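What follows is a set of notes on a single structure, which appears directly below.
What you see is a predicted model, and the numbers here were worked out from it, not measured in a lab.
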Amino acid sequence: MTKLFEVPLYPYKWSPDQETTAPVRHPVVIIGAGPVGLAMAIDLAQQDIPVVILDDNDKVSVGSRAICFSKRSLEILDRYGCGDQMVEKGVVWSHGRVFFGDRQVYNFDLLPEEGHKRPAFINLQQYYCELYLVERLRALQQEGKPVDIRGGNKVASIDQMDDHASLIIDTQDGAYRIEADWLIACDGAGSPSRRMLDLDFVGRVFEDNFLIADVIMKADFPTERWFWFDPPFNKDQSALLHRQPDGVWRIDLQLGWDIDKEEEKKPENVIPRLKQMLGEDVEFDLEWVSIYTFQCRRMEKFRHGRVIFAGDAAHQVSPFGARGANSGFQDTDNLGWKLKLVLEGQAPESLLDSYGLEREWAADENILQSSRSTDFITPKSEMSRIFRDAVLDLSETYEFARPLVNSGRLSVPCVYETSPLNSDDVDGLPVRTRPGSPAADAPVGGEWLSDRLGDGFKLLALGLEIPERADIAGLSVEGISVANGDIGAELRSRYLGDAGAAVYLMRPDQHVAARWTTLDWAQIETALNRAIGKGEAV
């Protein structure tokens, strides 16, 4: 796989923007061509919003990095046109095991119910994800979509104006300037954009370090997530094992706080640790090594005038729980449709404030769960350790203790409970699909609901007949009618419950905006206006 790291996917090329005396204005500029920046560009390009991506690199990221992609992310990537590639290449899994010492004390299934197109998780190296996203961008370019990716373009400065952001960009041929109606910073945890605007994170940095090692080996471990507390091969610490494609295995080993990171990354120190875990007779090759420190932090606000932050540039969590890249994809899914409506004059600029409100809420949820996981995995007091060890002992025999075991609460999509875009709920429908909730997939007439919903606002009518298309609040809204005879058990349990009929207003990011048990077009129009920021103040 190291060859892939060396292949320029978007090499530097001279741009016409570098020849102009006055800076060229673009509707959207994205800084960072990692998974989140690429996904954001695809989202906008598919909606015919002209977008430029800038990155000082021109290749995929080195090392597997983010590897666990959730069901929700796969559903988003389906709409971005590369979900199939991800699943076909990835390692599908839903089961996990937790060990205390050398004994199993707990196991779990992340998707025990039927009726979903996508699995709970796949494992796939981040460099494959980036490759597929770049390939999708190239395909969109071939279709004539307005997207331009510029490698070897390093943003040197950002200035904010009332109606745009101004950027100076360094290249091998000298600097040039461009302007952006909207600038989206997806430039990672270190985010130079954040520093240029003198913005910072708030939150916690945990006093512990973990070694990540990607090893190539033939092993008979099952395709599951294995987590150890206090294993014999890493006493008083923890460990994690995941399978990836191409015979690559991800191993995380807790090291403690007071370490020399550069020494610990040296192969002569890493390999003995891995042999203790895997056994002296297991043959493996070391592909990539890194050391990370837990951080659970976020920016206070994700929108700053004409600059909007997404992904790790906006929020960081510990890797246990797979909440990093997955929450980044949810950022792009939330922002894309709102930006389109604002750029096209169909919604007020204040709609973009709801991106901050909703995704800050989601970041707080991820940080809370990640902090709790970290506190359980790495107890900071003797009493905390006694409690943790007692929970692990009890969980082997007693079911009541198992929900307390926390080896990383794995990523689930956020419910925007307090979003100003939600309408008041009605009684009698399942809690699972209340306003603010992400759509729960289900089979519908030989198709999947996630595919039927697609992009754009939709009206989903169950047990009622509605037009295939209606003009509401200045938008064209597609109607999906499902007759009673076509409502299967999964769709009924997830969207109807005991009700005889229901109508759901679905947002373009497939979150529920409103729902009713009767068809009332006045209520639908009011709810749609609210969902695009024309109702009560966002």
Exercise. Thinking salt bridges, do K71 and E75 make one under a 4.0 Å N-O criterion?
Worked result: yes
For this session: Spell out, as yes or no, whether a donor-acceptor pair under 3.5 Å connects the side chain of Q125 to the backbone of P245.
Result: yes
For this session: Kindly assign one of parallel, tilted or perpendicular to the pair W249 and F221, based on the angle between their ring planes and the thresholds 30° and 60°.
Result: perpendicular
Problem set entry | Contacts of type salt bridge (Lys or Arg N to Asp or Glu O under 4.0 Å), residue R298, not counting sequence neighbours | D364
Exercise. Are N123 and Q244 linked by a side-chain donor-acceptor pair shorter than 3.5 Å?
Worked result: no
Exercise. Residues two or more places apart in sequence or in another chain: which of them pass side-chain contact (heavy atoms from CB on, under 4.5 Å) with Q295?
Worked result: V205, R297, Q316
Exercise. For D260, does the CG atom sit with more than 12 other heavy atoms under 6.0 Å from it, leaving out its own atoms?
Worked result: yes
Problem set entry | Side chains of Q276 and P231 in contact at under 4.5 Å (non-hydrogen atoms) | no
Exercise. Among all residues two or more places apart in sequence or in another chain, which pass the ring pair (Phe, Tyr, Trp, His ring centres under 6.0 Å) test with F210?
Worked result: Y292, F294, F320
For this session: With sequence neighbours left out, write down each residue that passes ring pair (Phe, Tyr, Trp, His ring centres under 6.0 Å) with Y495, or none if nothing qualifies.
Result: Y504
For this session: List for me each residue that meets side-chain hydrogen bond (donor to acceptor under 3.5 Å, both in side chains) alongside R432, sequence neighbours excluded, and say none if there are none.
Result: E113
For this session: Could you note down all residue pairs passing salt bridge (Lys or Arg N to Asp or Glu O under 4.0 Å) where residues 117-136 supplies at least one of them, sequence neighbours left out?
Result: D78-K117, D78-R118, D84-R118, K117-D451, R136-E143
Problem set entry | Pairwise distance CG(L44) to CG(L140) - rounded to 0.5 angstrom | 11.0 Å
Problem set entry | Atom CD of Q172 with >12 non-hydrogen neighbours under 6.0 angstrom | yes
Exercise. Can you tell if the side chain of P272 reaches within under 4.5 Å of the side chain of K275, non-hydrogen atoms only?
Worked result: no
For this session: Please list, chain by chain and in numerical order, all residues satisfying salt bridge (Lys or Arg N to Asp or Glu O under 4.0 Å) with K265, sequence neighbours excluded.
Result: E262
Exercise. Do H315 and F302 have ring centroids that are under 6.0 Å from one another?
Worked result: yes
Exercise. So, E264 and R273, do they make that salt bridge, N to O below 4.0 Å?
Worked result: yes
Problem set entry | With R138 via side-chain hydrogen bond (donor to acceptor under 3.5 Å, both in side chains) - residues at least two apart | Q141
Exercise. Pairs in or reaching into residues 32-41: which pass salt bridge (Lys or Arg N to Asp or Glu O under 4.0 Å), with residues at least two apart or in two chains?
Worked result: none
Problem set entry | Those residues that, when tested against W288, pass ring pair (Phe, Tyr, Trp, His ring centres under 6.0 Å) (two or more places apart) | none
For this session: Kindly state each residue pair satisfying salt bridge (Lys or Arg N to Asp or Glu O under 4.0 Å) with at least one member in residues 85-106, sequence neighbours excluded.
Result: K89-D246, R97-E224, R103-D393, R103-E396
For this session: Given side chain to side chain donor-acceptor pair (under 3.5 Å), test S94 with D109 step by step and report yes or no.
Result: CA-CA 6 Å; S94 65; D109 184 350; 3.2 Å; yes
For this session: Flag yes if more than 12 heavy atoms outside K261 fall under 6.0 Å of its NZ atom; otherwise flag no.
Result: yes
For this session: Quick one: do D187 and S191 satisfy side chain to side chain donor-acceptor pair (under 3.5 Å)? Show the steps, please.
Result: CA-CA 5 Å; D187 48 349; S191 186; 2.8 Å; yes
Problem set entry | For the student: nearest non-hydrogen atoms of P35 and Q126, plus distance | CD-NE2, 3.6 Å
For this session: May I ask you to check whether over 12 heavy atoms, not counting those of E268, lie within 6.0 Å of atom CD?
Result: yes
For this session: Scan for ring-ring contact (aromatic ring centres under 6.0 Å, His included) pairs involving residues 70-100, sequence neighbours excluded, and state none if there are none.
Result: W93-F121, W93-H242, F99-W226, F99-W228
Problem set entry | Salt bridge flag under 4.0 Å for residues R79 and D333 | yes
